[in-house]
Protein chains: 2
Amino acid sequence: MANIQQVAEKAGVSVATVSRVLNHAASVSTKTRLKVEDAIKELNYEPSMLGRNLRNSESRLLLVLLPSISNPFYTEIINGIQNTAIANSYNILLCETDSNPQRENIYFNMIKNKLADGVISMDPTVNRQKLTELAESHPVILCSEYDEGGSIPFVTIDSELAAYQAVKHLIRLGNKKIALINSDEKFLYARQRRSGYERALKEFNLPIREEWIYHTRDLEFQNGVQAMRMLLELEEKPTAIFAVSDTLAIGALKGINGSGLHVPNDLAIIGFDNISFSNMTNPTLTTVSQPMYKMGVTAANMLIMSIKGEQVESVVLDHDLIIRESTMG
Amino acid sequence: MANIQQVAEKAGVSVATVSRVLNHAASVSTKTRLKVEDAIKELNYEPSMLGRNLRNSESRLLLVLLPSISNPFYTEIINGIQNTAIANSYNILLCETDSNPQRENIYFNMIKNKLADGVISMDPTVNRQKLTELAESHPVILCSEYDEGGSIPFVTIDSELAAYQAVKHLIRLGNKKIALINSDEKFLYARQRRSGYERALKEFNLPIREEWIYHTRDLEFQNGVQAMRMLLELEEKPTAIFAVSDTLAIGALKGINGSGLHVPNDLAIIGFDNISFSNMTNPTLTTVSQPMYKMGVTAANMLIMSIKGEQVESVVLDHDLIIRESTMG
DNA sequence: AATCATTTTGTAATCGATTACAAATTGCTG
DNA sequence: CAGCAATTTGTAATCGATTACAAAATGATT
């Protein structure tokens, strides 16, 4: 791989001139520009990002932190981020943290070391303290999960309201015994969705029963299967389920199918996220749709503004309740 | 962010000594080492990857190219890659190419520019010519999809054999009319799986009928639904389906369920990949299991060896047929 | 205390780019 | 063609690390 020095020699000019050609500086005569361009082509030269970044302190790379790529929820968000990034001549690097602090550290260092210009974090398990610290000197945006009262700009939806509306939909269908399959309430969205769930129940004077609230360890299908198994063993079984993610809801659906009961006739079920698979289940899954692509676009735009040094405001986007077969009993 | 210069000043030593401490060189006296370590802590210093990489021509970063993160097939492979990388103090960056040559280029440049030390490509649509060119001077490993007769080391399974066995299983169950839902045959795996399908049919003297072979554009669920819709409109309908990916098979399952037919009683179905969803469908899906985690581990090990300058040989791993409800008619 | 071997530290070049400033070239005018 | 302004090009410092080599410090031996 040739370097700028060799190009300069071949073209019979100085490295400064080559650099000017590379950066489309106006002050290069057509004649020398052509000479340099020929040399570049002949040597198959491409400028080193490393040298350039070191000098410029900019990489035009954006980091996207996510806990696990196995959750299809992130797919569309990433598309939105990527398209927006590319439109602004940035590129993205996906970083799977596996909720592992050591890995987080590595990626944080990439930011500190100017290997990347900014970061969008979608990892709810990320170390808040460290992220806040990083955000003091580097551009950081939170996407989907955020910090109440924190200082980092975020883009998200109103989880509480979405949960409230979902549960209200179940109540309107005549359900009085509604279970919640929640994830760990260390996550803000989990607390908010529980709160929306309870608000709806209260509004219709339905009791909030602890045994109908199940907390899963992760968001894998298997956790949903497990949750449903527990709920079906109760003396007083629920007639409807609200799960805080589609993966859990699909697991629950599986659990119900396995027990001989029927969805939606015996049990109605609502998920959250509208992942592509939620439309492939039998029956198809009623779910809350987050504007994932738009979230990605918004987060990327906010980050790019932030890199430019502009102030950015947090954004709350709209959601939709997508009614499908699993609540058409 | 402090630099090595400031640490040296604070500790009252030269930058060389600081660098030696950072790299655990033996020739530093305990006294000065402690001084330097104190200074590092006090200044909250972390070495710049940029400066270091520029000098060392090594980044300890591995690139993983994949066409789309929405395909769950890649999830486990990536886990294998990541764990292996970390065990060897490498890190990985996930690069979604979207089968877009421009994006590919960007990531190829990262390699050329020493922003990353090597690349594992899982993208069957990647530009072979360019990749081969890159592989002449940089470590490259192909994972899953590969090049027949190419020079780049790969890790994969025997797709032809797997398809042959899957179709033979359908034949043994008494099926005589077996359809193939294939993807675009520009992909090697698609040609191989078709070939295995045909070998099984021939062996049992069953006719190969073009109208029972459907080619999809992509591997999305929706493509499977569409394929099934076409197959069910045929005058002579198949009694069994072999789909070259679980996503297609799940889509097909959906298409069958929607038509009032029953799996496995009316139609048996086999997928390919054993993605986590395949166990969540109703009925659960019989499928060919690729040793995805192991593929990831193997590919990463091969790449790391290759970076070290060692010669590596291509590997073909074993697969399994996982028999579930969709073929238990 | 002088000598020499060994250990420890420092100096300065290097990686590949960018850019302020200086220097050279060009073009124009009288 | 001298003189000056405008344009074009080159020189050298810079970003932040590593490391060959030189220099200094330490310790052992006589």
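Every heavy atom of this structure was used, including side-chain atoms; hydrogens, water molecules and symmetry mates were not.
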Inset, instruction - Grab the CG-C1' distance between A:Asn113 and D:dC15 for me, whole Å please. - result: 13 Å
Inset, instruction - Under 4.0 Å between any heavy atoms, over every strand shown, what does A:Thr32 touch: base, sugar-phosphate, or nothing? Just pick one. - result: sugar-phosphate
Inset, instruction - First locate atom OG1 of B:Thr17, then atom CG of B:Leu22, and finally report the distance between them rounded to the nearest 0.5 Å. - result: 11.0 Å
Legend entry - Gap between atom CZ of A:Phe108 and atom SG of A:Cys95 - 0.5 Å precision: 10.5 Å
Inset, instruction - Quantify the bending of the helix from C:dA1-D:dT30 to C:dG30-D:dC1 as the angle between its end axes, each fitted on five pairs, to 10°. - result: 50°
Inset, instruction - Nearest whole angstrom, please: distance from the C1' of C:dG16 to the CG of A:Leu43. - result: 15 Å
Legend entry - Whole-Å gap separating C1' (C:dT9) and CZ (B:Arg33): 15 Å
Inset, instruction - Taking ring-ring contact (aromatic ring centres under 6.0 Å, His included) as the test, write out the residues that go with B:Tyr107, two or more places apart. - result: none
Inset, instruction - Flag the pair A:Glu37 and A:Arg33 as a salt bridge only when some basic side-chain nitrogen lies within less than 4.0 angstrom of an acidic carboxylate oxygen. - result: yes
Inset, instruction - Using only side-chain N and O atoms of B:Ser29, determine if any of them is under 4.0 Å from OP1 or OP2 of C:dT7. - result: no
Legend entry - Listed once per pair and sorted, the salt bridge (charged side-chain N to carboxylate O under 4.0 Å, His left out) pairs that draw on residues 78-103 of chain A, sequence neighbours left out: A:Asp98-A:Arg103
Legend entry - Residue-phosphate contact under 4.0 Å: B:Ser27 side-chain N/O, C:dT9 OP1/OP2: no
Inset, instruction - Name the nucleic acid region contacted by A:Leu54, choosing base, sugar-phosphate or nothing; use a 4.0 angstrom heavy-atom cut-off, strictly under. - result: base
Legend entry - Comparing A:Ser14 and B:Lys31 on DNA chain D - which has the more 5′ nearest nucleotide: A:Ser14
Inset, instruction - Could you name each residue pair satisfying salt bridge (charged side-chain N to carboxylate O under 4.0 Å, His left out) that touches residues 109-138 of chain B, not counting sequence neighbours? - result: A:Glu46-B:Lys112, B:Arg128-B:Asp147
Distances for protein N or O near nucleotides 17-23 of chain D N or O, under 3.5 Å:
residue, atom, partner, partner atom, Å
D:dA17, OP1, B:Tyr45, OH, 2.8
D:dA17, OP1, B:Ser48, N, 2.5
D:dA17, OP2, B:Ile4, N, 2.4
D:dA17, O5', B:Tyr45, OH, 3.4
D:dT18, OP1, B:Asn23, OD1, 3.4
D:dT18, OP1, B:Asn23, ND2, 3.0
D:dT18, OP1, B:Arg52, NE, 2.8
D:dT18, OP1, B:Arg52, NH2, 3.2
D:dT18, OP2, B:Ser19, OG, 2.5
D:dT18, OP2, B:Asn23, ND2, 3.3
D:dT18, O5', B:Ser19, OG, 3.4
D:dT18, O3', B:Asn56, OD1, 3.4
D:dT18, O2, B:Arg55, NH1, 2.7

Inset, instruction - Please collect all side chain to side chain donor-acceptor pair (under 3.5 Å) contacts where either partner lies in residues 304-315 of chain A, sequence neighbours excluded, each pair once. - result: none
Legend entry - Rounded distance in Å - CG (A:Leu115) to C1' (D:dG16): 12 Å
Legend entry - Side chains of B:Tyr189 and B:Ser183, donor plus acceptor under 3.5 Å: yes
Legend entry - Backbone of A:Ala25 reached by a side-chain donor or acceptor of A:Asn23 within 3.5 Å: no
